[in-house]
Amino acid sequence: MQINPLSSHTGAEVLGIDLTRPVAESDRAAMNRAFVERSVLVIRDQHLTPPQVVDAVGLFGTIFPQQNTKFAIPDCPQIHYVSNQDSFPDGRRYIPGDGWHTDHSNAVRPPKATVLHAVQLPDKGGDTQYANMAAAYAALPPATKERLAPLMGIHVYQSSHSARKLMGLNETDKERVPNAVLHPLVRIHPESGAKSIYLNPIRIEGILGLDHKEALPLLDELLEYGTQERFQYRHAWKPGDLVMWDNRCLLHKANGDYDMGQVRYLYRVMLQGDVPR
Ligand code: SIN
């Protein structure tokens, strides 16, 4: 097995491993170290069925139950799909993950990681972009760090301020999803100890104790700052990629910039995380 960096700060690719076969503990530990250090792990050349994806992600944690069961794969509901072939009820095409976010931050214990496995890709485009919010935090001026330190974000299923609308939940899913959850705006990574800016434009409704007039411009400013190109890694998908990213210290977004006559279809699963602190 070989692990190579994919940019100066984010991303590592893993070559020479077959996740359908037993993985040595030393290889598992090396991949997990690379995941914590590099935040995006790209395991190349995998061709996994949904049950094999379940087994493979078990190397890194426990599956987090997704909030919207609409996208579950019938024979293996722990695995969901991401596809450009679905539409909103009004007929508009639905591009999942289109817009910067971190996954399911409205959960009390949001998923530490999300895994996508490419099944079908367009010839060109459809990259996933990542913004390293730990690198962004580290580069903040001390006065801004001090200002952010006590602040708590209010996370909901769908923020009323978000330009991107999510697919609605069915009644059973609605009952399972928390109404509103507070998380620190700066969180400490439980494995690396690094601090990150923790926000989510799709789910953050405001900041506890701050007027919207103060909170919303601050959130916009942090988003613009944290998603600058210097903090980004952009993943151009290759057939067989299995990509696992760290939701605790990254924002990510999908790009609907390709020929919609072509199918983009990936398996998706998340791994349970801790209460952000
Ligand atoms: C997601 O946000 O989970 C999907 C990302 C992608 O499709 O690239």
Side-chain angles (χ1 to χ4, degrees), residues 6 10-11 13 35 39-44 46 50 53 57 60-61 63-73 78-88 93-107 110-133 155 157-159 162-167 169 198-204 223 226-227 232-260 262-273:
L6 287 167
T10 306
E13 72 171 354
F35 168 66
S39 311
V40 181
L41 196 67
V42 179
I43 308 177
R44 303 282 192 197
Q46 307 303 309
V53 174
V57 299
F60 302 103
I63 290 183
F64 174 98
Q66 311 230 17
Q67 292 181 347
N68 194 338
T69 54
K70 174 179 165 60
F71 303 104
I73 289 182
Q78 286 164 295
I79 303 294
H80 281 214
Y81 68 84
V82 162
S83 163
N84 64 342
Q85 299 299 300
D86 287 320
S87 301
F88 284 107
R93 189 184 292 272
Y94 177 61
I95 301 295
D98 193 8
W100 290 110
H101 65 288
T102 177
D103 286 330
H104 287 45
S105 64
N106 59 320
K112 69 170 184 176
T114 302
V115 180
L116 288 182
H117 182 35
V119 178
Q120 203 172 338
L121 297 169
D123 297 339
K124 254 199 338 226
D127 297 353
T128 307
Q129 279 168 271
Y130 297 94
N132 190 321
M133 303 305 274
H155 296 250
Y157 178 71
Q158 165 81 76
S159 166
S162 170
R164 177 186 152 214
K165 298 301 167 211
L166 296 168
M167 198 67 101
L169 296 172
Y198 190 60
L199 54 82
N200 187 353
I202 288 156
R203 305 211 190 249
I204 203 160
L223 179 67
T227 56
Q232 281 191 38
Y233 162 66
R234 185 175 181 121
H235 185 66
W237 288 87
K238 290 187 185 165
D241 281 354
L242 181 132
V243 176
M244 177 167 82
W245 68 81
D246 196 329
N247 284 308
R248 299 167 291 191
C249 56
L250 295 176
L251 290 178
H252 64 277
K253 74 168 183 171
N255 280 276
D257 60 353
Y258 49 95
D259 174 0
M260 287 296 153
Q262 299 188 349
V263 175
R264 183 178 186 272
Y265 184 97
L266 305 97
Y267 295 137
R268 182 175 193 278
V269 61
M270 295 184 285
L271 298 179
Q272 186 65 58

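Both ligands and their constituent atoms are indexed starting at 1 by order of listing.
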Lining ligand 1 at under 4.0 Å, by non-hydrogen atom distance, are residues Val82, Gly97, His101, Leu116, Thr128, Trp245, His252, Ala254, Arg264, Arg268

Is a side-chain N or O of [X] found less than 3.5 angstrom from the main chain of [Y], in a donor-acceptor match?
X      : Y      : result
Gln262 : Asp123 : yes
Asn106 : Ser159 : no
Gln46  : Arg44  : yes

Query raised in the report: Taking the six-membered ring for Trp, are His235 and Trp237 parallel (under 30°), tilted (30 to 60°) or perpendicular (over 60°)?
Result: perpendicular

Using distance only, find each side-chain donor-acceptor pair of residues 244-252 under 3.5 Å and give its atom names and separation, not counting sequence neighbours.
residue : atom : partner : partner atom : Å
Trp245  : NE1  : Asn247  : OD1          : 3.0
Trp245  : NE1  : His252  : ND1          : 3.2
Asp246  : OD1  : Arg248  : N            : 3.0
Asp246  : OD1  : Arg248  : NE           : 2.8
Asp246  : OD2  : His189  : NE2          : 2.7
Asp246  : OD2  : Arg248  : NH2          : 3.1
Asn247  : OD1  : Asp103  : N            : 3.3
Asn247  : ND2  : Pro111  : O            : 3.4
Asn247  : ND2  : Thr114  : OG1          : 2.8
Arg248  : NE   : His189  : NE2          : 3.4
Arg248  : NH1  : Glu191  : OE2          : 3.1
Arg248  : NH2  : His189  : NE2          : 3.4
Arg248  : NH2  : Glu191  : OE2          : 2.9
His252  : ND1  : His101  : O            : 3.2
His252  : NE2  : His101  : NE2          : 2.9
His252  : NE2  : Asp103  : OD1          : 3.4

Self-check item: Arg203 NZ/CZ over Tyr157 ring centroid, <6.0 Å and within 45° of normal
Solution: yes

